[in-house]
Q: 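Let me give you the structure first, and then I'll get to my questions.
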Amino acid sequence: MGGQYSIDVAGFLSTTDTVATALESLEQSVTGAVSDLDRIAGIVAADPGLSSAVNGATDERRRTGPGAVQHGGAVVTAAGRVALAYVQADDDMASTTSGTEASVALPHTPGLGRREALVQ
């Protein structure tokens, strides 16, 4: 085998929890900023030139702000799925290896192991 791979499940969970908390805070900030932009657009709506300038300057941010939060959430979700799949494959491999080395298959005890720690 070329190398050894492992996942620090507790570290992964801690990191993703920190990122998820930061994304929640970011979402609140973005929502507040978009609301402020809407108020500004309403204030300058009577002046077509100013309204056009404000909308031109803010339209991209109205899209990218919420999009960045959604993308961040999707990345955290995808990372969790990949880590879970890795841990499950590692557990399956360990079970298979244990089964070939021992004459008696070892039972899987629910509530123990890295997979359950990750899912919680």
Side-chain angles (χ1 to χ4, degrees):
M1 298 206 105
Q4 184 175 0
Y5 304 93
S6 65
I7 292 177
D8 173 8
V9 175
F12 177 82
L13 291 173
S14 175
T15 300
T16 54
D17 183 56
T18 300
V19 172
T21 299
L23 284 170
E24 288 173 2
S25 177
L26 178 61
E27 180 178 30
Q28 291 172 358
S29 296
V30 167
T31 299
V34 169
S35 178
D36 291 344
L37 291 174
D38 289 343
R39 279 196 298 275
I40 292 169
I43 291 168
V44 300
D47 183 330
L50 187 53
S51 180
S52 177
V54 167
N55 288 332
T58 62
D59 281 347
E60 185 177 349
R61 295 298 176 246
R62 290 172 190 262
R63 267 192 345 274
T64 59
V69 173
Q70 290 172 351
H71 181 72
V75 168
V76 170
T77 299
R81 287 183 182 141
V82 168
L84 179 59
Y86 179 91
V87 170
Q88 287 174 329
D90 188 48
D91 284 350
D92 291 345
M93 183 181 67
S95 296
T96 302
T97 302
S98 295
T100 59
E101 293 175 358
S103 59
V104 178
L106 300 174
H108 177 71
T109 306
L112 301 177
R114 292 168 294 199
R115 181 183 325 121
E116 288 76 18
L118 184 60
V119 173
Q120 294 174 358

Q: Indicate, with yes or no, if Leu13 and Val87 share a hydrophobic cluster defined by side-chain heavy-atom contacts under 4.5 Å among Ile, Leu, Val, Met, Phe, Trp and Tyr.
A: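 Per the 4.5 Å side-chain linkage, Val87 and Leu13 are co-clustered.
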
Q: To the nearest 0.5 Å, how far apart are CG in Asp36 and OG1 in Thr58?
A: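 If we round to the nearest 0.5 Å, Asp36:CG and Thr58:OG1 are 11.5 Å apart.
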
Q: Hey, could you give me the CD/CG distance between Gln28 and Leu23, rounded to the nearest 0.5 Å?
A: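 CG of Leu23 is found 11.5 Å from CD of Gln28.
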
Q: Treating Ser51 as the side-chain partner and Asp47 as the backbone partner, does any N or O pair qualify as donor plus acceptor under 3.5 Å?
A: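 Such a contact is absent between Ser51 side chain and Asp47 backbone.
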
Q: If every non-hydrogen atom of Ala41 is compared with every non-hydrogen atom of Asn55, which pair is closest and at what distance?
A: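 Residues Ala41 and Asn55, closest heavy atoms: CB-OD1, 3.9 Å.
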
Q: Is the shortest heavy-atom distance from the side chain of Met93 to the side chain of Asp90 under 4.5 Å?
A: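 Side-chain contact under 4.5 Å: yes.
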
Q: If Ile, Leu, Val, Met, Phe, Trp and Tyr residues are connected whenever their side-chain heavy atoms lie under 4.5 Å apart, and connections chain through other members, are Val30 and Leu37 in the same group?
A: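 Shared cluster, no.
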
Q: Measuring only between side-chain heavy atoms, which start at C-beta, is Thr64 closer than 4.5 Å to Arg61?
A: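 Thr64 reaches Arg61 side chain to side chain.
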
Q: Following the transitive rule for hydrophobic clusters with a side-chain heavy-atom cut-off under 4.5 Å over Ile, Leu, Val, Met, Phe, Trp and Tyr, establish whether Val76 and Phe12 coincide in one cluster.
A: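 In one cluster with Val76: Phe12, no.
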
Q: Just so I know, are the side chains of Val69 and Glu24 near enough to count as touching, which here means a heavy-atom distance under 4.5 Å?
A: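 In short, these two side chains do not touch, never coming nearer than 4.5 Å.
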
Q: Roughly how far, to the nearest 0.5 Å, is OG1 of Thr21 from CG of Asp17?
A: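 Rounded to the nearest 0.5 Å, the CG-OG1 separation comes to 4.5 Å.
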
Q: Please check if Leu26 and Val34 belong to a single hydrophobic cluster, counting links between Ile, Leu, Val, Met, Phe, Trp and Tyr side chain heavy atoms closer than 4.5 Å.
A: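 Hydrophobic grouping puts Leu26 with Val34.
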
Q: Could you please spell out the steps behind the side chain to side chain donor-acceptor pair (under 3.5 Å) verdict for Arg39 and Ser35?
A: CA-CA 6 Å; Arg39 279 196 298 275; Ser35 178; 3.2 Å; yes

